[in-house]
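In what follows, every chain begins at residue 1, and chains take the letters A, B, ... in the order their sequences are listed.
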2 protein chains.
Amino acid sequence: MTLEHAILGFLEREPMTGYDLKTRCFDGAAGHVWTADQAQVYRTLERLSERGLVRSRAVPQRGKPDRRLYRITTKGREALLAWLRRPEAPTAVRDPLLMRVFMAGDLPDTEIAGLLTQARDDYQVRLETLRAEAAAPVPSCAATDARGAELYRMTLGAAMAGTRAVIDWIDDCMERISRGLPPASPQVTGEGV
Amino acid sequence: MTLEHAILGFLEREPMTGYDLKTRCFDGAAGHVWTADQAQVYRTLERLSERGLVRSRAVPQRGKPDRRLYRITTKGREALLAWLRRPEAPTAVRDPLLMRVFMAGDLPDTEIAGLLTQARDDYQVRLETLRAEAAAPVPSCAATDARGAELYRMTLGAAMAGTRAVIDWIDDCMERISRGLPPASPQVTGEGV
DNA sequence: GACGAGTATAGGACAAGTCCCATAAAAATC
DNA sequence: GATTTTTATGGGACTTGTCCTATACTCGTC
């Protein structure tokens, strides 16, 4: 449900095409909060249109396909507000990196360390990107006024805090590994069912 | 792909039924790392079985349906190891709470604060649960030796660090809100397409 | 004794997300 | 001049995850 409402939220700021939503909003301004595939954006727009939460108008262009400009309706605005007010349980955790560490007992210490170092580098890059976004002016599709800009900066803060937490955790793990993890007990590897 | 390999990992520790995997592993020991629906577990077991990564044996019971006991195969063990070694890009962020804050400009300060307070409570509960897990003895399906136990504790540490980061972020936001967010600019709400 | 909880498996329907392809022409780059 | 990138939309196939249902017997509670 979040993608639907994210799209409604962006369209409330400004009428846009599917292409705009994908490139400017989900790849750009809101990438640290939610990502979306191109196919998903177009399909969701279609669904929202069927339900009357958005409406669209074709804008002819020379050489390129018509731009389909989407605009939120009153009904869509109501749906957005209702969603903002409806309490929602926190999402379940699902982290492939943690799952790997959980299952990594069969790897030697050096390979576990390698795994974590690689992840650390990835998160470090993410952190730099977030820092750059925080230093840059607020993108137009992220906020239309000072209030929106403040909320946008809050979400950037959350993303940075979360990323920093992962990096710090990896550093702790690396220190623990450098002291040597307990060795693996020899596993019985019988093959009968 | 992670669920498949998570199941392989658990079955390497100990042969189990779908029911065990769901209740002991995904609801229990590994809930802070990965969750899985019951239907998903059974379907994935079936798929793994078709591909020869696990094999099963029916264990008759009185009164209850037969237990279908799954065991990892040599091929499955190889697949697990290959997955552990294969580098993987970090997952895209997708956080409904952040999306709400991002879009919350139309709500009054008090309602934004309420939203965050509710979320804080939820994460506080999560943190208590994690603390209890860290204090309790390591569940048998989480690790079979001291090495596995250490890795398990590392993943608990990551979950706790992440949860604490969210709580701290919310506290920062609440302080910012208590000083008053900038007011919303009046929006033009024209309805033409 | 009815009723719910626990043990155990499995199916259907559907929403959400990923990946890959096709079309089409202008503009930029090599 | 040839190739790649950008702008713009959309379809198909597939994997993942959620929710709800059915079956069937035991055990403990009200």
Side-chain angles (χ1 to χ4, degrees), chain A residues 1-8 15-28 30-31 33-51 53-54 56-70 83 88-96 99, chain B residues 1-7 15-28 30-31 33-51 54 56-70 83 88-96 99:
Chain A
M1 297 286 95
T2 306
L3 180 61
E4 281 184 10
H5 297 102
I7 288 179
L8 289 177
M16 270 189 274
T17 67
Y19 188 81
D20 290 335
L21 281 165
K22 168 62 179 154
T23 53
R24 290 207 294 140
C25 303
F26 292 106
D27 288 349
V33 159
W34 203 271
T35 53
D37 185 70
Q38 175 253 97
Q40 233 183 317
V41 170
Y42 282 105
R43 263 194 295 261
T44 305
L45 280 171
E46 212 177 336
R47 194 151 26 95
L48 287 172
S49 190
E50 277 165 24
R51 288 198 278 144
L53 305 183
V54 303
S56 71
R57 180 169 66 98
V59 182
Q61 292 193 121
R62 289 169 308 156
K64 297 169 206 164
D66 289 359
R67 305 182 77 220
R68 185 153 286 279
L69 196 67
Y70 286 88
W83 170 73
E88 203 179 353
T91 47
V93 187
R94 216 166 267 133
D95 188 326
M99 194 76 252
Chain B
M1 298 287 93
T2 306
L3 180 61
E4 280 184 13
H5 297 102
I7 289 180
M16 269 188 274
T17 67
Y19 188 81
D20 290 335
L21 281 165
K22 168 61 178 153
T23 54
R24 291 208 294 141
C25 303
F26 292 107
D27 288 349
V33 157
W34 203 272
T35 54
D37 184 71
Q38 175 254 93
Q40 233 183 318
V41 170
Y42 282 104
R43 263 195 296 261
T44 305
L45 280 171
E46 210 177 340
R47 195 150 27 93
L48 288 171
S49 189
E50 278 166 23
R51 288 198 277 143
V54 303
S56 72
R57 181 168 66 98
V59 182
Q61 292 193 120
R62 290 169 307 156
K64 298 168 207 167
D66 289 0
R67 305 181 77 220
R68 184 154 286 282
L69 197 67
Y70 285 89
W83 170 73
E88 204 178 352
T91 46
V93 187
R94 215 165 270 131
D95 189 326
M99 194 75 252

4.5 Å side-chain heavy-atom contact, A:L53 and A:L8: yes
B:F26 CZ - D:dT16 C1' separation (whole Å): 13 Å
C:dT9 phosphate, OP1 or OP2, under 4.0 Å from B:R68 side-chain N/O: no
Spacing between B:R57 atom CZ and C:dT9 atom P, to the nearest angstrom: 13 Å
Distance below 4.0 Å between B:Y42 side-chain N/O and C:dT9 OP1 or OP2: yes
Given D:dT9, C:dA8, D:dT18, the nucleotide with the shortest approach to the side chain of A:R94: D:dT18
Atom pair distance, as rounded to whole Å: CG in B:L3 and P in C:dT18: 16 Å
Interatomic distance, A:D27 CG vs D:dA8 P [rounded to whole Å]: 14 Å
Closest to the B:Y19 side chain, choosing from D:dT6, C:dT7, C:dA16: C:dT7
Sugar-phosphate only, base, or nothing, as touched by A:R43 at under 4.0 Å among non-hydrogen atoms: base
5′-ward residue of the pair B:T2/A:T17 relative to DNA chain D: A:T17
Salt bridge (Lys or Arg N to Asp or Glu O under 4.0 Å) between A:R51 and A:E4, worked out: CA-CA 11 Å; A:R51 288 198 278 144; A:E4 281 184 10; 2.7 Å; yes
Atom-to-atom span, CZ of B:R67 to C1' of C:dA10 - whole angstrom: 17 Å
Side-chain donor/acceptor contact of A:Q38 with base of D:dG10 under 3.5 Å: yes
Euclidean distance, atom CG of residue A:L45 to atom P of D:dA8 [Å, nearest integer]: 14 Å
Salt-bridge criterion met for A:R67 and A:D20 (N-O under 4.0 Å): yes
Touch class at under 4.0 angstrom, heavy-atom based, for A:T23 against every strand present: nothing
Side-chain heavy atoms of B:W34 within contact of B:C25, under 4.5 Å: no
Side-chain-base donor-acceptor pair under 3.5 Å for B:R47 and D:dT16: no
Per A:M1 side chain, nearest of listed nucleotides C:dA16, C:dT18, C:dG17: C:dA16
A:W83 side chain near B:M99 side chain, heavy-atom distance below 4.5 Å: yes
Value in whole Å for how far the C1' atom of C:dA8 lies from CZ of B:R24: 15 Å
C:dG17 phosphate, OP1 or OP2, under 4.0 Å from A:Q40 side-chain N/O: yes
Touch class at under 4.0 angstrom, heavy-atom based, for A:A39 against every strand present: base
Length of the NZ-P vector between B:K22 and D:dC19, whole Å: 11 Å
